[in-house]
Amino acid sequence: MRASYLVMNHHLTCLLSTVKGCLILLASAFSVGAQDWEFDLSIGSELRFFPEDPVDNHQLEGVQSSIVFDSEWYVAFADQLWEITANPYYRHDFRDDERTHFDFRELHLSTWRDWGLFSVGFQRVFWGVTESQHLVDIINQTDLVESPDGEDKLGQPAILVQLTPEWGTLSFYALPYFREREFPGTEGRLRPGLQIVDDQTRFESSRESSHTDFAVRYSHFLGNIDIGLSYFNGTAREPILEPILSSESSEVVLRAFYPLMSQFGLDLQITAGGWLWKLEAIHRTQLDSDYAAATAGFEYTFVGVLGSDWDIGSLMELHLDSDGSESTNVFNNDLFVGLRFAANDAADTSLLIGWNIDMRNDTQFFRGEMSRRVMRNYTVDLEFQSTTNTNPTDPLFEFRRDSYFQLSLTRYF
Amino acid sequence: MHSTSHTEKNSIVRWTEALLDRKWLAIFGSFLIIMLAGFGGSKLYFQNDYRIFFSEDNPQLQSFEALQKIYTKDDSVLIVLHHPEQEVFSSEFLSAVHYVTEESWKLPFSTRVDSLTNFQHTEADGDDLIVEDLVVSPETLTEADIAKVERIARTEPLLWNRVVSDNPNTTGVSVTLMLPGEDMNESNFVAAGARELAQKVGELYPGMQVKLTGTAMLDNAFAEASMGDMMSLIPAMYVLISIIMAILLRSVFGTIASLCVVFFSTIFAIGLMGWLGWPMNGPLTAAPTMIMTLAVADSIHYLITFFQTYRPGVTKRFALLESMRINFQPITITSLTTAIGFLSLNFSDSPPFRTLGNVVAIGVVAAWLLSVVMLPAIMSVLPVKPRKQGKETEGFYGWIANMIIRRKTTVLMGTSLVTLALAFFVTRNELNDQFVNYFDERIEFRQDSDFTMDYLTGFYNLDYDLKSGESGGISNPEYLAHLEEFAEWFRAQPEVVQVVSLSDTMKRLNKNMHGDDPSYYSLPENRELAAQYLLLYEMSLPYGLDLNNQINVDKSATRLTVTVENLTTNNIRELIDRADLWLESNAPEEFRTLPASPIVMFAYISKRNVESMVIGTFFALVLISAILGVVLRSFKYGLVSLIPNLTPAVLGFGIWGLYEAQIGMSLAPVLGMTLGIVVDDTVHFLSKYLRARREKGYDAPEAVKYAFSMVGQAMVVTTIILAVGFVVLGTSSFQLNSWMGQLTAIVIVSALLFDFLFLPAFQLIIDGKKARSSNLRRKLFKPGIVGVSGLVVLGGIFLMTGNQADAQDITPEEKGLQIAIEADLRDTGYEDWSANLHMVLTNRHGQSSTREMRFLALETETEGDKRLSIFDSPRDVEGTAFLTYTYKEKDDDQWLYLPALKRVKRIASNNQSGPFVGSEFAYEDLASQEVEKYTYKYLMNESINGVDYYVVERYPTDENSGYTRHVVWIDTEEYRTHRVDYYDRKDELLKTLTMLGYQQYLDKFWRADVFEMVNHQTGKATRLEFADYQFKTGLDDKMFTKNALRRIR
């Protein structure tokens, strides 16, 4: 099965080389008068294997396969003062329709000046320092169909003004349009046992997804301290899932409700030799109630373990939030311990494994990611995730049967 | 008194049960860990240089070191000779002076000796200038000769009030030293040598008294006073602790157990200090006493409750568990706040106090751990018998409670008035750091220095480096006139004892050159004349007595030394300000400068320390108040707690203002230290008060009574122990430590009184009329506590690692360093450069893979380069970028940009020895090669294929480096590096780097096209091929920032 898969992949790459050639031609046609342009493409194929039976019998069993097209297009013009960046992204999933989706991860017009940056369009912005959870990172909606780890994000339409005076970086964001979270579909795994319907979404704002959100962030570094302070006001990125009776099947289903909120965030990292000390904390006001959460921890890297070229990093992060056991957040009172391995070889072999335990209800999950380059232009990625000892009060209870292994092969052009 | 009927087992009890089941493991495990840590004690070393009190970026230290680089070093011994019956100007006394002068040349590191006998007296002999020792052979002097010597000494400004004074029986011999700074004990050698000399003088010249002072003796006194403290205070502490414990516990075994906790905490902290390489010094000698005091307070609470619970009919195990249940939280919170208080010392401007804070904080944490792990285990093993119930002694506390309830308004007003009055006295305190007074009269150095100041000259100098603004400009009559005026201005100031100025030498020379005509005792009229005099004079001076201590190399500046009376540093600052005002209005711009010297450094240290500690204390206060808010589960009481937490410091400094009224540099840290300690009283009182209100539904007066009955005794006991401990420290002969101990004891006692009087009265008044508090907030917020403590520990550790900068003395071998500096100079001024880089990695089987990247570097004025590496290939890492800020003497800052996540990550700075993207180049091999990153040793010249090379060995100064040394081949023509051999940590040849294809750019900068690195141990190789070198392309500083990484492609 694996062999045929690789053969298929080979055919695809041949086909796509041709496609790339055409696109490059197209790109150069568009960028007449441009001084600089670039085009990159990667195509990946992914196999996910779920060894356990699903909770809901609508959900798929066994192997889920998909293909990813990820390309980046960049052109600079007008003396390189202005530039356009586009990052169209497409995943085709053979088992879950919801997971088949197209997105502009980025599509923006930007200009870099002495005073800073102005940019308009779909943005991808990252804020924060910790590894196991990104509390402070709020601009982009999470693309949950990609991966349950929440690292994948949807492009966010935004107008960004970033000022860079001596005393730090000040960024202002106006976010005119809100993007709903993508959830796996009826057939998909890694979703709550109840199905999520996406046509009955509710908003607190009467303008629904057209509510304009605002955000501002100040960041700076002083010696060994990197600090960021941020404020966000607008539609919550994380929906509240409300059970309702489905109008079609009269089953209980879930619909997403997006309230308005305001959030203050702090992220802090102190770098001292091999030690990285990290802290992220937020305070959120939403539906007239206050919520606070923090992630704090450290990472220590042993360089050149036992005289080899290997680096081994150990991570520990502690999660707390003010809702305690009633929290809908996975990381409400958890301890995360991780190990990062880098072989520092020509193939850039790396491994990251993590273990998380909810200190209140003992729910645990393991997660591992391994990556290595093969030949010149391919990478192989292995990923697994498993939940154990899941307590019904924990949000992870919904994923109790969704442990998986994942193998992907990506070709870069 | 605490035992309640709670039967539910909380996690603490469960944990303690598990501990008691493994008691031997707990005992031996703790013991093993302590011993491992304690072993580090063997690595301790003593620092006794007075300069350690100043951080590297202290501006006064910097200007002092700059001054010392220009003129000679200022370490000195002043040997003062005094004979109660003989006059200085007598043949016998002068021969003693002559003997001491000759012998002083033999003192270790001695470079110059100045005395009455070898003073370079000048005289005219016709047209010739005769320069010779004032006293050549003292034995043969006639009455007339002696009278002449006395006349010269009395009129010569260089001698009067410096070497001789109004006191006819005293003179001084000044020895200048050049301490190489390689060994911690250099000044001890000097002191030993000087003492030996003093003894010999005593034998040879009966009745002659010898006093020793000077900075070398000061350093030595720091060492001796500290050692003396350790020898006397620590045993005294153990005796006192044993007595107190025996009285309070009335149990031999209890006393032994708590002594174990005390002893082991100290061993742990001091041992860890050794492992961490932190130096021992004067203030650090206070650490053991402090740790012992704080550790006793931890264990005593546990033991008191244990003995109260352990009665006939109760199992020992139950008593052990119950005591832990009751005491775990208070012990934890108080240890935490105490540790925070001590960690706030990291804000101090003086490195020794930072280390002190960290060491004591480690000790406090160790004491906490031992009290909750080892103490219960030991008590379970020791044969302790249950006791009959003793008499409750709550009468006193009940009486206080009732008194306050009856007269709450009076008590509140009374305490407020006393507080206000004392607050007023805080302003009476004056900052003063006369470092001689750091030692009390028991110390020989203090006695000798006081004697010197009384009988001979001042000990405190101000050194001015006065610039003329041009080479040779010191001969300019205008410059000399300013110098003369400035010297005369100083002489007119009442507090000035003596002024040494080149203008006096010039006047004397002018007189000599005019046949010793006194009317010519004035400055030479023209520049050439002045220059000639100076040249003539310098040529005639013997070896070791040249003018380099007064004139700089290119004769553009001179040093003016002002000796002042025994002034307070306040008065010294005032004198400096006055002098600056004079310079501003009377002298040209280039002439105006601020003085530098040890006393100038000390004159500003307290101010800097107070300023920095105010910030530190503020941080500690915020953290501690937050913790209290969480512990008391009330924002309001978090705020209320500010009053009893801050006021004791006000009371303490107020009482200090009434009693000592002087603040030295060691008192600023007391603010932060005591904050962490006094907060304990507040926690105990408020938490019990609130428990009574919330759980028992008491009204305010009942709650006050309850709080007194529950914790009154514990508070008194803790305060007594802490006060006694700090009073012991207060008896130190080292004033920095003794003041710190005394003031801390005062603050702690004030805190108890304040918490006993003001706080309950205040509670009664604010809570008196309100309805009873509900039970709603009972729900414990434990994750909050855990979270806050976690953050605090993180913060604390950060403070420790962040600030513990250890100064390392570099001893570069001249030539190697010169070559490195020359090579660096030749590659300075490129502003920026960039190149494309093709990297070929080859493994031992000859298989290769490649990487492409772009490399950009920006030169900075003061530090190393800013560098940016951007990957173009392999494609999967395309757009990944490294941004590095190179520093000369600290770890580089490094950021990694991950384009897929749009994430900029600050990465650890200890990876220098790690391979760069899988190549044979380590990060450190590719970093900008700053001169300061190595020490050097020139090996030889070598000629290969007609090219001459310097072969230089260099040793990385960074402890994270993967190498012991490099051997570098640098061509003698252009100072380009052609080959580097790298030796690994086992000193075996690891790699060889060869650089080929050098080309010159912009007629200055040489760059190699190819760098080839071969790893001899693995057979792997990496070849870097550079192309498109570009220089001075106007790269913008903004490109080399975290933000700009997002733009990279």
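So that the names make sense, note that chain A is the first sequence line, chain B the second, and so on, each numbered from 1.
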*N1043(B)-T164(A) side chain donor-acceptor pair, cut-off 3.5 Å*: no

*Report the option among V129(A), N377(A), T410(A), D70(A) that has the most heavy-atom pairs separated by less than 4.5 Å from atoms of chain B.*
V129(A)

*Electrostatic pair R851(B)-D348(A), nearest N-O below 4.0 angstrom*: yes

*Do other residues, nucleotides or ligands put more than 12 heavy atoms under 6.0 Å from the CH2 atom of W15(B)?*
yes

_Under 4.5 Å from any heavy atom of chain A, what part of F916(B) do you find: side chain, backbone, both or neither?_
neither

_Residue pair N224(A) / R906(B): nearest heavy atoms and the distance that separates them_ = CA-NH2, 3.4 Å

*With a 4.0 Å cut-off, would you call E72(A) and R875(B) a salt bridge?*
no

*Do you know which two heavy atoms are closest between F126(A) and K902(B), and how far apart they sit?*
CB-O, 3.5 Å

*Indicate whether the side chain of R376(A) and that of S873(B) have a donor and an acceptor atom separated by less than 3.5 Å.*
yes

*What salt bridge (Lys or Arg N to Asp or Glu O under 4.0 Å) pairs are there with at least one residue in residues 298-307 of chain A, not counting sequence neighbours?*
K278(A)-E299(A), E299(A)-R340(A)

*Would you say N910(B)'s side chain and V303(A)'s backbone share a donor-acceptor pair under 3.5 angstrom?*
no

*Counting only heavy atoms closer than 4.5 Å, note whether S848(B) contacts chain A via side chain, backbone, both or neither.*
neither

*Go through the steps to decide whether D1036(B) and D114(A) satisfy the test side chain to side chain contact (heavy atoms under 4.5 Å, CB included), and finish with yes or no.*
CA-CA 9 Å; D1036(B) 187 355; D114(A) 283 346; 4.2 Å; yes

